[in-house]
Every structure is written in structure tokens, then in C-alpha cells.
Amino acid sequence: MSLMKKQFAETSRSSAVAENITEDIIIDILSRLPAKSLMRFKCVSKRWRSLISDQHFAKLHLQMLSLETVAPSQKIIKSNPLQIIDYEALDDDEVNDHVVVESHDLGRDEPRGLAGSCHGLVSLAVYGGFLVYNPTTRESRKLPASNLVATYECFHGFGYISTTDDYKLVHGAFFTADDGSEECVLEIFSLRYGSWRRVPSEDVPLLDGVGIYLNGAVHWIVDHGSGYRTEQAIIPFGLATETFEEAIPIPKVEGVLFEGVGIHEGRLLIYDFTSISFEAWVMNEYGKKESWTRLFSIPIDGFPDHIFYVIPIAYTRSGKIVFQIDVSEMILFNLKDGTYKNYPIEEHHNVESAIYMETLVSPYIGHEQ
Amino acid sequence: MRYLALPLLSQNLTESTARAQTLSLYLQLSLQVSLSQRNESTMSSSSSSLPSCPKKVVTLKSSEGETFEIEEIAALQSKTLENMIDENCADTPIPLPNIKGKILAKVVEYCNKHAEVGVDAESLRAWDAEFVNVENTTVFDYILAANFLEIPTLLDLTCQSVADMIKGKTPAEIEKTFNIKSAFTPEEEEQVRRENQWAFE
């Protein structure tokens, strides 16, 4: 009897205390939670659902993510078929030996490729246009097709502009003009304004593929020259000014031609697979070519002999490196002892992948539903 | 900037506007808290003026009337106390009618620890972890005290502790922890669950 009384007293005391927790404290607590938890907690009450769906809260949550000392929760998205890979789960020794893949269905909008990712929003090229998708909240927004006819010589990028609190999708293509010169046509879609605009573009270096977003600009690697004389550089495109900025030279490393660009701890990362190693370098101070430092050089003797595609690299929280070789395997590499584990993945020909953060940001920014 | 509780809003504001205001305020505040934590200098050195009172020790009175002494340097970590000390040069104990003695004792202990010099970051972190290694109800009490007394570091520590504790919970467990009576009808709850079903996988 006394035990029941004690338990009742404890419950009623906890309810008394919990009732005094004001909304601003709830907001503080919730803003520290991973996006996945918050999506679950939408079921708790109408108030929580309304709060968690609020874009002001999403922005606060995003800010908290960037302040966090622990790396924010990230996953890999693959474009065709649309799949999510939780690479962090690979690091969990207790879990299975295979890659856990989550398939996402966008209905009629079949993805053809990736166009960039930023703040948890992923931009996909689909038949008839583009899509901006948040794989965590599963919100997707269809964008109209740009006025450019899609060609093979096109490049894409997606990123955030803090001054206008907007996201922009960049779609560019190269055409050979009548006189034989290469012309670039550039179109930009602003999520806030909701339409495509043609943007002047002269003397654009020959870009290719998906750019990587960092600090208000999208970045591609360009090559000058050929063979031994190839010089490489990073070309940034400023999303606020909508212009290409000064090229940042990339160090010339023996036998290495960098193909991949990524982000590591807020710094630009470049990498390449050569016949003998997997090389990665980071630019410690943005814009300063002297600050390029080798991050790692992994000998690839032990790895299965395959063609290496350019895929994103990620670090797990415990410091292991995750990457993909060929179409059929993911590798989890332990830098400390040089050992690795490989995980088979489903074989698909389109290996466009990107890393994204799990956030609550809505693609409908400025056009709230 | 004072760490404010939810400001009183006029009746005319709609709930969403009120929320937008709160969140916008919170955006600024939480950034300030995190930025101030990254700042190497101590709280007391950044306050505007030295207290004019010659007293080194301040007396606090709990809701039950129990008194606790705290060194002024330690008390200055609380913006509320800082303001009260500035205004109250007399010898009277500062009444804190909404904080129980048991909790106030611990808050004093926290402020004293964080005012100590020569403590390395690693051991302070370990001490903080032990400090919040208590029952949920007690952590909530700490939150309320830290909120009222405006002690940003303690509020940060305790809110983070609650966040860590709840992140893996189910919605039902959350309702119990926060004593929320779900306003969803069973049909509505089913719909919300369906909309977000992948979050449960």
C-alpha cells in the first residue's frame, strides 16, 4: 500500500514539475534532438506536431546542428533507383554484415540523376524537370523544367544563400556555337521566387557534373591542359552574386588526377583513386592553396580489383572512412589499423550518390503549404 | 541579453504568430548561449561593472525558508542574481520562493564548481555528467531553477541531458515524461502515424 502511495506521489510530482516546463524550454530541448526523433514526436500532441512542422523551428534546429560538436546525422542518397544508405549503421559491430538500404518512392517522378544537396535538401533531376526532396521528412517539391534542353555537357549545383534565406538550383550546359567556340548557358531556379532565370555567363570553364556546396558557393573541379601538363583547380560559383569566382589551384600530386569533391568537417575535400592508392586532401583555409593538406593515402592492394567510380566519402563518428568501389561494394576502412570490411550492395548502373544531413528543412521555403 | 521566459503576448496575436515570435527569439537566444559558451572569458569578467557592495557572500532563501550562502563570484553566473545583487546592497537574504531547498543546494553547488579556478575542461565535463545523472524529475527541477535564475550553462547542460534521455523514446513514453495529454483523437493519431511511419522503422 505504501509503495503504491509512493509511486502515486512520484507520478503526481513529476506531472506537477513537467507542467511547469514552458514552451521555450520545450523548444530548447527539442532543438537538440536528431531529425528522425522529431519526426516520431510529431505523434505526441497537436502542439508538438505543429511546432516540429514549423519552418522557424526547422531553421533553429539546423542552426543547432551546425553548432554541435558531434557530427550531425548524415546519410548517403543514391539517385536511381532512389535509395538511402545509413553508413553510420555499418559501423555498429552488432548489426548485420550487409548494407541497410531504404528505398524511397517518388511516384511518377522517376529520378534520372542528382543535382546537388544542401541543408538536408537533395535536388534530383527527374523526367520533365527537377525535384527538391528532403529524404528525412519525405517532403518533395516538383520544379518546372528549365528552358535548357538537357544535353550531356551539363552541370548542376544546389545551395543556400544566407542573405536572402533562399536556396538556388543551378543548371548549366555547354553548346558549340556556329563558329566552333564553346558557349555556356546558365539557368538558376530560386526556391523562394519559384521560377527559372537565365543568367549571363561568359568565359565559363568547362565544368561537369554536380557541384559541392560550401559557405554560399557551389564548387567544381576543372582541368587545364592534358596528360602530364594537366593543371587542376576548384571553381566556385557564388550563389548570391551568381558569378564564377576566382579559381583555387589544386596541388599537383604525382600520379594523381583529382576527380571527386566533398566536404570534411566544414572544409573542401578532393580525392582520387589511382592504380596504387586512394588519396584525399583537404583545404584547411578556404581559398588558400598553401593550406591544402593530405588527409589520407590508403594503399589499395588489398581491395578487390574493380573500376573505381567517383563517389562521396564519409567519416563515421568513430573515425572510419566509408566509400564505394565499383557498383557492388561499400568499404568501411579503419584508418587506425589499416583494416577494412566490405559490404555488398545491389548492383545498379547509375552510381550517382551524395551525402546529406538529416534536417527538417522544407523544400517549400517561401511557399509554405 | 537576458535569458527571457516566454514573454506575455497580447490576446490578439494568433498562435502561429506567437510561435514565430518565440522561435525567432529562441533562434537568437540559443545562438547567444552557444556563442557565449565558446567564449573563453568567464561570465563575471564580461559583466558590465563590478558590484558596488563590499560583501563577498550572498544569502539565498529557498521556498521553505532554508538559507544557503554562496560566494558573490559564483552567484554572478546567474543573471537574475547578478541583477538582484546590484540592486540589493543590504544584508537581506534573497528570497527564491519557487525553488525548493533540495534543488537550491545543488544549484549553489553547481555555481561554486563552475566558479572554481584551475579546473581542467575534461574533469569539469565529467563533474557535469555526474551532476545530471539523477532522476528525470530532478533534472526538470534543475531546468526550472536554471531558467528562473538565468544560468545559461546549467540550462544548456540540463536541456541537453533531457534531449539525450528522450531521443530514443516512443511518443507514448514522451507523453508520460512530459505529462502531455495527447489531444489527438484515435483517428487523428492514426493519420499522423501513417504520415510519418518511416520515422518508426
Side-chain angles (χ1 to χ4, degrees), chain A residues 10-64 66-69 73 84 100 102-104 135-138 368, chain B residues 3-6 15-16 18-27 29-31 33-35 37-38 98 135-138 140-141 143-144 147 155-156 158-160 162-164 166-172 174-184 188-189 192-193 195-196 198-201:
Chain A
E10 269 177 18
T11 339
S12 63
R13 194 177 101 68
S14 81
S15 40
V17 172
E19 261 151 25
N20 288 326
I21 301 287
T22 50
E23 178 147 309
D24 55 340
I25 293 174
I26 299 279
I27 291 171
D28 187 321
I29 294 170
L30 292 183
S31 70
R32 297 160 189 269
L33 292 172
K36 256 293 167 57
S37 303
L38 290 169
M39 289 302 289
R40 263 204 326 274
F41 296 167
K42 275 183 170 183
C43 294
V44 169
S45 71
K46 276 185 177 157
R47 210 155 138 240
W48 279 40
R49 181 203 200 179
S50 167
L51 176 64
I52 293 166
S53 311
D54 189 315
Q55 279 306 293
H56 291 96
F57 177 76
K59 196 141 128 227
L60 173 66
H61 180 255
L62 181 67
Q63 302 272 26
M64 291 297 279
S66 65
L67 292 172
E68 232 182 312
T69 43
S73 181
I84 304 295
V100 178
E102 201 178 86
S103 290
H104 284 218
T136 311
T137 63
R138 306 242 178 167
E368 269 84 28
Chain B
Y3 206 84
L4 299 166
L6 188 66
E15 199 191 312
S16 61
R19 175 159 297 128
Q21 279 194 8
T22 311
L23 286 164
S24 152
L25 181 70
Y26 224 80
L27 189 69
L29 287 171
S30 69
L31 286 174
V33 168
S34 311
L35 286 170
Q37 275 183 287
R38 287 179 167 202
N98 46 354
E135 264 178 34
N136 291 347
T137 50
T138 313
F140 280 129
D141 280 329
I143 288 179
L144 292 169
N147 193 34
L155 192 60
D156 187 50
T158 47
C159 285
Q160 186 62 49
V162 173
D164 292 336
I166 65 173
K167 74 176 163 205
K169 286 194 189 295
T170 65
I174 296 291
E175 284 170 34
K176 219 156 97 190
T177 309
F178 288 88
N179 191 46
I180 294 168
K181 289 166 193 51
S182 177
F184 287 125
E188 283 170 335
E189 177 150 356
V192 178
R193 217 166 244 276
E195 280 169 10
N196 300 296
W198 43 78
F200 290 86
E201 279 151 27

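Chain identifiers are assigned alphabetically (A, B, ...) following the order of the sequence lines, protein sequences preceding nucleic acid strands; residue numbering begins at 1 within each chain. Note that the structure is predicted; figures quoted are calculated from it, not measured.
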Drop me the distance from [X]'s [atom1] to [Y]'s [atom2], to the nearest 0.5 angstrom.
X      : Y      : atom1 : atom2 : result
B/Q160 : A/L33  : CD    : CG    : 8.5 Å
B/I180 : A/W48  : CD1   : CH2   : 4.5 Å
A/D24  : B/L155 : CG    : CG    : 8.5 Å

Report task. Return the set of residues passing side-chain hydrogen bond (donor to acceptor under 3.5 Å, both in side chains) with B/N98 (not counting sequence neighbours), or none when no residue passes. Result ->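 side-chain hydrogen bond (donor to acceptor under 3.5 Å, both in side chains) check on B/N98 returns nothing, list empty.
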
**Report entry** Shortest non-hydrogen contact between B/E175 and A/C43, atoms and distance
**Finding:**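 So the minimum-distance heavy-atom pair works out to OE2-O, 4.0 Å.
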
Are [X] and [Y] side-chain neighbours, meaning at least one heavy-atom pair lies under 4.5 Å?
X      : Y     : result
B/N147 : A/T22 : yes
B/I166 : A/R32 : no
B/I143 : A/I29 : yes

Query raised in the report: Who passes side-chain contact (heavy atoms from CB on, under 4.5 Å) against A/P135, sequence neighbours left out?
Result: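 Counting only residues at least two positions away or on another chain, A/P135 forms a side-chain contact (heavy atoms from CB on, under 4.5 Å) with A/I77, A/I84, A/H104, A/V122, A/Y133, A/Y356.
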
Requested in this report: Check whether any side-chain N or O of A/R40 sits under 3.5 Å from a backbone N or O of B/K169 as a donor-acceptor pair, and report yes or no.
Outcome: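 Yes; judged by distance alone, with no hydrogens or angles, the pair exists.
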
Query raised in the report: Considering only heavy atoms, which portion of A/I26 lies under 4.5 Å from any heavy atom of chain B: side chain, backbone, both, or neither?
Result: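 For A/I26, the side chain is the part near chain B, not the backbone.
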
